[in-house]
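Working notes, beginning with the structure itself.
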Number of protein chains: 2
Amino acid sequence: MAQRDGAGRAPLSRDRVLRAAVVLADRAGLEALSMRSLAQELGVVPMALYKHVANKEQLLDGMVDAVVAEIEPPADDADWRTVVRGCVLSARRALLRHPWAVRVIETRSSPTPGVLAHLDSVVGTFRAGGFSVDLTHHVMHALGSRVWGFTQEVFPSPPPPDPEARTAALRELSGRYPHIAEIVLRGGGHEDASVVGRGCDDQFEFEFALDLLLDGFERLRAQGWSSAARSAGESRAQGA
Amino acid sequence: MAQRDGAGRAPLSRDRVLRAAVVLADRAGLEALSMRSLAQELGVVPMALYKHVANKEQLLDGMVDAVVAEIEPPADDADWRTVVRGCVLSARRALLRHPWAVRVIETRSSPTPGVLAHLDSVVGTFRAGGFSVDLTHHVMHALGSRVWGFTQEVFPSPPPPDPEARTAALRELSGRYPHIAEIVLRGGGHEDASVVGRGCDDQFEFEFALDLLLDGFERLRAQGWSSAARSAGESRAQGA
DNA sequence: ATCCCTGGTGTACGCCGTACACCGATGCGC
DNA sequence: GCGCATCGGTGTACGGCGTACACCAGGGAT
């Protein structure tokens with residue numbers, strides 16, 4: 001805005017563009033974020049942005065990763081429950097700071113690298129806490145089928161049909177996100193997983209989470225739970 | 001498409017517009033649904049639609065309610081758990097038939113009447129099953145913080161500041177959705193609810209659901225749960 | 001016969017994302 | 001020092017969007 005017009009403007013960069021986009025969405029809302037408004041914000045002509053992001057979708061991808069990067073990494077020195085709880089609440093705080101983010105995340109057709117990295121670290125925490133690959137898998141779905149808003153599928157819907165391309169994709173996956181790969185490649189679990197990386201039984205995952213909650217509800221009901229005590233699990237006490 | 005052009009076209013109506021919109025979104029995807037494409041589908045000029053829906057947002061509202069209307073009403077003759085389970089799974093089936101619907105629901109700024117009616121009937125089931133108003137409230141949040149995608153706030157964010165308008169809104173609410181009203185007006189619960197209908201402590205609701213899940217996870221882990229058995233809760237057995 | 005009301009039409013505006021041609025500066029091989 | 005490619009910003013233009021607004025055909029009430 002107040003910068004000298006003409007030559008004196010700081011040079012654009014993918015990073016500057018992304019940051020400005022996040023700020024603009026925070027301030028004016030997602031619907032006010034257009035390539036044109038963002039360009040104006042940066043004192044630049046709309047088409048200039050396309051030298052730094054391929055298109056608006058990629059801009060949104062970048063914004064998601066910028067938000068996800070704000071999630072504090074797990075502190076590895078506590079039990080799994082404390083660590084996971086901290087991770088989830090940190091994610092929640094990040095998403096509350098950028099209320100547009102969950103909507104954007106949910107419209108991504110496949111998860112961004114930042115999201116994958118975050119999920120991977122949570123998976124790693126469960127594994128280190130003594131969860132089997134199998135249970136970790138379902139538990140991630142239970143958290144994801146909507147406590148978070150993200151999870152769903154790691155592969156952009158179906159994995160590549162070409163077997164060569166698939167093994168390449170898998171190798172890449174296990175290099176970058178070892179814990180996620182472990183789940184994708186799990187030996188046991190769904191006995192019908194004839195094809196490796198075939199995705200999973202969505203209906204099962206949904207009912208798994210649902211029944212977990214229903215079990216919890218019944219327990220609370222049976223013991224006459226009341227929020228006055230402000231303690232959610234029978235054995236948990238939480239501050240605030 | 002194939003209908004006689006000119007006079008012989010069946011007359012439009014809000015219902016026909018909504019139905020055509022749902023069909024078009026099912027077939028071509030949400031991003032292919034525009035007022036123009038929908039009008040073409042109906043063999044009509046775009047502006048004709050505006051005689052039946054106020055604008056595109058209201059069109060989307062109507063589509064949501066059309067989908068929600070497909071959810072089977074609870075069968076009242078079973079225990080709460082069976083009924084709720086049936087409701088949620090029926091909702092899920094409806095949403096799977098119309099994959100665009102959850103995205104649309106999540107962009108509504110306040111819940112549509114159909115959504116409210118559905119929630120109200122689920123709340124009623126919990127209440128009839130012996131859940132306190134208080135516990136029902138939290139339990140709905142736990143289900144809603146994201147097992148479903150909807151819930152959040154009943155009032156369009158803050159209730160009207162004018163006290164007269166607010167009591168009118170509340171009277172309307174308890175007439176139409178008595179069970180929801182009961183929760184909004186609950187006496188106990190959050191002791192800081194100095195203003196009636198003030199909304200609720202979102203952070204508390206989130207942690208409530210989170211800890212419920214974490215408790216469940218821990219139980220499963222401790223007992224060496226494996227999906228081979230295909231039974232999610234310790235005490236539940238479910239078909240297929 | 002008149003009038004108005006309902007519902008479909010036509011035109012037009014301002015926004016959007018972005019393809020494409022262009023152009024000034026910068027840096028590099030000669 | 002010079003030609004030239006490369007990179008980052010520009011300007012114009014196109015097709016699509018939602019929708020405001022003026023218009024009009026036909027039918028029912030008066």
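Every value quoted in this text rests on a predicted model; they were computed, and no experiment measured them. Each chain gets a letter, A, B and so on, in the order its sequence line appears, and its residues count up from 1. Side-chain atoms are counted along with the backbone in the values below, which use heavy atoms only and exclude waters and symmetry mates.
Rounded to the nearest 0.5 angstrom, B:R19 CZ and B:S13 OG are separated by 7.0 Å. A:L60 contributes atom CG, which lies 11.0 Å from atom CD1 of A:I105 (distance to the nearest 0.5 angstrom). Taken to the nearest 0.5 Å, the CE atom of A:M63 stands 8.0 Å off from the CG atom of A:L38. One distance of note links NE2 of B:H52 with CG of B:L12; it measures 4.0 Å at 0.5 Å rounding.
Two residues are said to be in side-chain contact when any heavy atoms from C-beta on lie closer than 4.5 Å; A:E72 and A:R93 meet this criterion.
Nearest heavy atoms, B:A94 versus B:I71: CB-CG1, 4.1 Å.
For the pair A:P46 and B:A32, nearest-nucleotide mapping onto DNA chain D gives the more 5' position to A:P46. Taking the nucleotide of DNA chain D with the nearest heavy atom to each of A:V45 and B:N55, the more 5' of the two is matched to A:V45.
Within the structure, ring pair (Phe, Tyr, Trp, His ring centres under 6.0 Å) pairs that include any residue of residues 84-116 of chain A comprise A:H98-A:W100 (at least two apart or interchain).
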Below 3.5 Å between N/O atoms, which protein atoms pair up with nucleotides 19-24 of chain C? Just atom names and distances, please.
none

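Residue A:L42 contributes atom CG, which lies 14 Å from atom C1' of D:dG8 at whole-angstrom precision. Rounded to an integer number of Å, the gap from A:L30 CG to C:dC16 P is 13 Å.
Annotated stems with DNA chain D as a participant read C:1-30 with D:1-30, given as range with range, by first number; only runs of 3 or more Watson-Crick or G-U pairs under 3.5 Å qualify.
The side chain of B:H52 places no N or O atom within less than 4.0 Å of a non-bridging phosphate oxygen (OP1 or OP2) of C:dT6.
Judged by distance alone, the side chains of A:T112 and A:D65 do bring a donor and an acceptor atom under 3.5 Å apart.
Checked against D:dG9, C:dG7, D:dC17, the side chain of B:R36 finds its nearest nucleotide in D:dC17.
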